[in-house]
Amino acid sequence: MGRLMADKDRMEPAWIALCNVDQLGDRAICHTELLDHEVVVWRAEDGAVNVWENRCPHRGVRLSLGHHRGEALQCQYHGWQFNSGSGACRFVPAHPDAAAPPVAVKTWPVEVRYGFVWTCLAPAGEVPPFALIEELEQDAALKADARSQSPSIHLRTIAIDAPSETVQRALADYCFDHARFDLWQTTDCVAFDVAPHAVMIEQLDAAANRVVFLLQPARVGRTYLHGVALGPVALTERLTVQRHHQQRLNVLRDALEQQCVHREPLSNDAVANRPPLSAPQTSPATQPVFLQRSLSKPVSASGSLNDRHFSAAHDPADRAFDIHLSRSRRTVKVAAGVTVLQALRGHGIDVPSSCEQGVCGTCRTRVIEGTPLHRDDFLTPQERAASDCMMVCVSRAATETLTLDL
Ligand code: FES
């Protein structure tokens, strides 16, 4: 048994559950987030599970948009393939006879335990040993009668728009707050930390199953919560138990999101000071000539193959501007050094995005008034001249304000 929950530094290096292994069947490619990193999780045909940065080292497009090639992932943009395990590039379709360039996707360590894929983002050499979660170990070892019982039940994962610390505290509090969590009025519960980012809820009425919640701090203000109801559970009861807990999780999510709706939006400074994505791993000196030629525009003077994209949104001459949102009638300030996409996120407004490098076109947004300062590689010259849409991940404003169709 763990200890009663208390405040502590949740961001110390730890193994964190990312997704259920059942999601990796059928050549599935899972996209998720962890501590502001975009992550792709996939299983190769030999069974090896990979947790990688969700970004092609060539042009920055999300690998989760690509194709599963058995023992490799292929980026959808230029078709580069990356090997399971090392993440090393193995093939570039534009140069089928040349040796693959010495580039690799950023990889993170993987553990598959208790039906989940886990990773740790600590630098190599500082990765702590995997902390066993006693309750889940016992559950896995439980001798359930396979014909009539389940050793445990995975509840569905829910996304909560609240910081993981808030979610973790709420899990500890909910038995005391009957007014807000009225579904539990008749249930006496107590919460325990059982590992970093894992909380167990013990229901003292003994009528229902204990539940272990695994917390995945996705990004600022967003947490994924994976639940496991501990068994044994009669197979005939499985659906009832799932429904019961899922109803609870939905209530928990609604209450937490309500709590967080009045939270202060992140300042532009806080957004700008978030940890950057991993630095590009290659330098022009180590790249074959054909690799540099494969770019449609010159490699930047500062050197790195990816510099142009990693820095597309930041120019020292950038100035602040306002964006008006026509549908919600809100105004958001975009500081110098902060992208429109980041500023919107800081105010809880989510625009679908993918590469975040101005390459894929996912974040294309209609401009109703004002003139955008285009910095993407997606729009045609005619579309740029029309000034009626922009890629909010990289483009800025040429006028004092922009009105967007959001
Ligand atoms: S997210 Fe790909 S262009 Fe903006």
Side-chain angles (χ1 to χ4, degrees), residues 29-34 36-40 52-67 73-80 105-106 218-222 268 271-272 274-278 280 294-297 300 305-315 318 321 323 325 332 334-335 337-368 370-398 402-406:
I29 305 171
C30 293
H31 168 208
T32 187
E33 299 160 289
L34 181 57
D36 264 355
H37 291 266
E38 298 264 349
V39 176
V40 61
W52 291 358
E53 182 173 44
N54 193 12
R55 194 176 288 284
C56 175
H58 176 212
R59 297 295 293 272
V61 172
R62 280 181 175 147
L63 290 167
S64 57
L65 300 170
H67 308 283
L73 270 198
Q74 181 170 30
C75 177
Q76 65 145 3
Y77 194 31
H78 292 101
W80 289 32
V105 180
K106 177 159 185 52
R219 58 176 136 95
V220 176
R222 170 156 280 216
N268 280 318
V271 173
R274 281 190 205 170
L277 286 164
S278 309
S294 73
L295 291 169
S296 59
K297 294 182 185 173
S300 73
L305 177 65
N306 286 331
D307 269 3
R308 186 164 59 84
H309 291 292
F310 276 84
S311 62
H314 303 297
D315 182 319
D318 281 348
F321 57 97
I323 44 177
L325 311 180
V332 171
V334 183
V338 172
T339 67
V340 175
L341 189 64
Q342 289 169 331
L344 289 169
R345 279 191 190 142
H347 284 73
I349 301 156
D350 219 3
V351 176
S353 66
S354 176
C355 67
E356 299 186 13
Q357 311 293 328
V359 171
C360 71
T362 309
C363 67
R364 181 178 181 140
T365 302
R366 202 157 78 84
V367 177
I368 293 173
T371 308
L373 183 61
H374 295 292
R375 292 210 177 138
D376 62 274
D377 284 336
F378 184 82
L379 295 174
T380 62
Q382 292 79 3
E383 287 171 323
R384 284 160 187 261
S387 284
D388 58 0
C389 67
M390 68 187 285
M391 301 301 143
V392 292
C393 64
V394 289
S395 297
R396 302 183 67 79
L402 281 179
T403 304
L404 301 182
D405 184 19
L406 289 172

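In this text the structure is predicted, and so the values were computed from the model without any measurement. Remember, it's 1-based here, ligands and their atoms both numbered in the order they're listed.
Across all non-hydrogen atoms, the minimal contact from Cys393 to Thr339 is O-CG2, 3.4 Å.
The Cys393 neighbourhood of ligand 1 comprises atoms 1 (S), 3 (S), 4 (Fe), with distances under 4.0 Å to a heavy atom of that residue. Each of the atoms 3 (S) of ligand 1 lies under 4.0 Å from some heavy atom of Gly358.
Between Glu38 and His31, the side chains place a donor N or O and an acceptor N or O closer than 3.5 Å (distance only, hydrogens not considered).
Tested against Thr365 for a side chain to side chain contact (heavy atoms under 4.5 Å, CB included), the candidates Val392, Leu341, Leu344 yield a single pass: Val392.
Here the side chain of Arg384 pairs a donor or acceptor atom with the backbone of Asp376 at under 3.5 angstrom.
When only non-hydrogen protein atoms are considered, atom 3 (S) of ligand 1 lies nearest to Gly361 N, 3.3 Å.
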